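Structure record follows, encoded as structure tokens.
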Amino acid sequence: MSEVDTKKNLSAHESDISRFDFAGQDSGITDIRSLSPEDKERLLMSGVDVDQAGRSGTYLQVDHQSVHCDVCDPNVEILDINKALEKYDGLPDYFWKAVHKEQDDFTRLASDQRLHGGYFIRAKAGMKIAEPVQSCLFIKGEAVAQNVHNIILVEEGAELHVITGCATAHGQQSALHLGISEFFIKKGGTLTFTMIHNWGEKVMVRPRTVGVVEEDGSFQNNYVLLKPVESVQSYPSIYLNGPRAVARFNSVIVAPQGSLVDTGNRIYLNAPQTRGEIISRTITTGGKIIARGHIIGNTVPAKGHLECKGLILGNGVIHAIPELEGTVSGVELSHEAAVGKIAQEEIEYLMARGLDEEEATSTIVRGFLNVEIMGLPAKLQESIEKTIQESEKDMF
Amino acid sequence: MLQIEDLHVSIEDREVLKGLSLEIKPGETFILFGPNGSGKTSLLMTLMGFANYKVTAGKITFNGHDITHAPIYERARLGIGMSFQRPPTIHGLKTRHLVTMCAKHRNRDVDAEELAHKLNFAQFLERDINSGFSGGEIKRSELLQLMAQKPSLLLFDEPESGVDLENMALIGNTVRDLLNGSLRPTPNASMKELRSQRSTSGLIITHTGYILDYILADRGQVLYDGVLCCESNPRAILEHIGKFGYKECVRCLK
């Protein structure tokens, strides 16, 4: 308990953020391929394929600059957000339409500061984009405050997977990342959004994400955080506004000592026959995790289920806060939450099959942090599993 | 094969086995009877080495190794295999993966598909182990793991519980196979000779005795309140318990 700094500040006090630089920094990087091998490795661990094999397109932001943006599939459009704002007259239906500028200090800060970039990704109506689009928000400079705004538009009946890798450069020290993301999934559209965080020990991360899903639309969010970070605070919210829309969040989070991770997912069931599911698996090996979840059922019939499970390995803290809010009779909301250690019974069961205690424990942990349900590309899944395996040495 | 000498076991501070001695020879199948709470399951759990079962006195020897205080995995690697009554679900661990690991730690290489096929269980290989399994499915899953382990001493707690009639034959025959009791006489060897070549031993708990229709049980004994009594032919014990209940054991012990 005593080793966890529970007083660590999550709000935007001047003293905290004044150390970061919002002014223009030129990283000198002009192309994804011109990164150093160490940085490429950091990106790879974040799900970004630098050779772009098996990807429909790539967006790369380094510090304050959008440095790389290209498309391999004509059915998808990828632009730097500033170019998209220019091309589409300020994106009046989308830009700052899902996220409210005044919702909290960091969002206000993001809206006040100069916009450094971010992506605009559009899957064209009816098109199933076979390969994922990858984006990477990379921080290389020292004490950089990165302020990006992302918009994903999945038009009617389109299907898209976006993999976002967020990382800091090899050896990089402190940074602040502000990321506003707005997702719009039109009638019958499908968006899978996978975010892999690979920050550093002195990086503050404040993503603000809101999505709106229309009739028969589907949204799946995968979030993976396995590496140390100073603090993450995020609470992506999804509005299921059309009948039969569905949303599912899967999170796999490991917090080593020194990390403060305050994350949650929120789903609004605003139309009949909508369904929402939030599943989180968290492990602390010394850090503090606040695992939130909130499902709001405003209509019937609608179903929501929330499952947050946490394992404490070492001296960490897991604070699970599952919330269910039904505003009409007949809405079906349920939750399952458990925080504790690995069950001795499970370890002994595997030991009776010949596994020693360490192998039994790591087998259970790997099963617990199951990323298979995310349906990721094989190479990415492998790389995540490898990272889990590597971080096991700190677990027990 | 297995030698238990004056074994005393406690769970927390309650003594559950009170001076139990038993020897099981290679190839021998021993049936353990006894009312609920008599200590049968505790004996099996102690033999496997579970932490909650504290050996306070006595000795367990397995194939010449003193395993009284050996860790669970060491016993498993030496060749003790146990079928669990209520195994835990392990999320994210595929049945196939566990079967492979079972074999690996006995230095064996098995075809999980082929083994599962024998148990009509192939469709469960990709499922998380024990997740939503019915009573009969748990039994087949446990047997599948044991087939991969190929233990030389098989500990089985109520193989018939929760199993429907159709599956009973499948489970009964598989247990017999594991005990290598499915031998047929050949012109070169009599049944007696073949039985003497059996090397796998079994320690099986049964209430109903249904399993006795499938396996060749050699000996049986009743466990009552932490001590063994009434050694006899398993069929005879079963018949006796059926007629008179366990109250005769009380008289016998007095």
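Note that this is a predicted model, so its numbers are computed, not measured. Order of the sequence lines sets the chain letters (A, B, ...), proteins ahead of strands, with each chain counted from 1.
Q149(B) and A352(A) get closest at one heavy-atom pair: NE2-O, 3.2 Å. Closest approach of G354(A) to A76(B), counting heavy atoms only: N-CB, 3.5 Å.
Ion pairing of R353(A) with E142(B) is present here, as a side-chain N (NZ or NE/NH1/NH2) and a carboxylate O approach within less than 4.0 Å.
Only the side chain of E372(A) comes within contact range of chain B, judged by heavy atoms closer than 4.5 Å. Contact annotation for Y349(A): both backbone and side-chain heavy atoms come within less than 4.5 Å of a heavy atom of chain B. For A148(B), no part lies near chain A; criterion is any non-hydrogen pair under 4.5 Å. Looking at M48(B), only its side chain comes within 4.5 Å of chain A, counting heavy atoms on both sides. Only the side chain of L146(B) comes within contact range of chain A, with heavy atoms under 4.5 Å apart. For I373(A), no part sits under 4.5 Å from any heavy atom of chain B, backbone or side chain.
Heavy-atom neighbours of R108(B) CZ from other residues, nucleotides or ligands within 6.0 Å: above the threshold of 12. Within 6.0 Å of NZ on K379(A) lie no more than 12 heavy atoms contributed by other residues, nucleotides or ligands. Within a 6.0 Å radius of CD in E357(A), no more than 12 heavy atoms belonging to other residues, nucleotides or ligands are found. For Q123(B), the CD atom is densely surrounded, since the number of other residues' heavy atoms within 6.0 Å is greater than 12. Surrounding OH of Y235(A) are more than 12 heavy atoms belonging to other residues, nucleotides or ligands, all under 6.0 Å away. Atom CZ of R275(A) is surrounded by 12 or fewer heavy atoms from other residues, nucleotides or ligands within 6.0 Å. Within 6.0 Å of CG on D109(B) lie no more than 12 heavy atoms contributed by other residues, nucleotides or ligands.
For chain A, the option among R77(B), H91(B), E74(B) with the highest count of heavy-atom pairs below 4.5 Å is R77(B). Counting heavy-atom pairs closer than 4.5 Å to chain B, the top residue among T363(A), L369(A), I364(A) is T363(A).
N370(A) places none of its side-chain heavy atoms less than 4.5 Å from the side chain of L93(B).
With values rounded to the nearest 0.5 angstrom, C102(B) atom SG is found 8.0 Å from L355(A) atom CG. In this structure, E345(A) CD and T89(B) OG1 are separated by 9.0 Å, a value rounded to the nearest 0.5 Å.
With hydrogens and angles disregarded, no donor-acceptor distance shorter than 3.5 Å links the side chain of E348(A) to the backbone of I72(B).
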Side chain to side chain contact (heavy atoms under 4.5 Å, CB included) evaluation trace for M351(A) with R75(B) = CA-CA 9 Å; M351(A) 283 169 76; R75(B) 303 172 197 228; over 6 Å; no
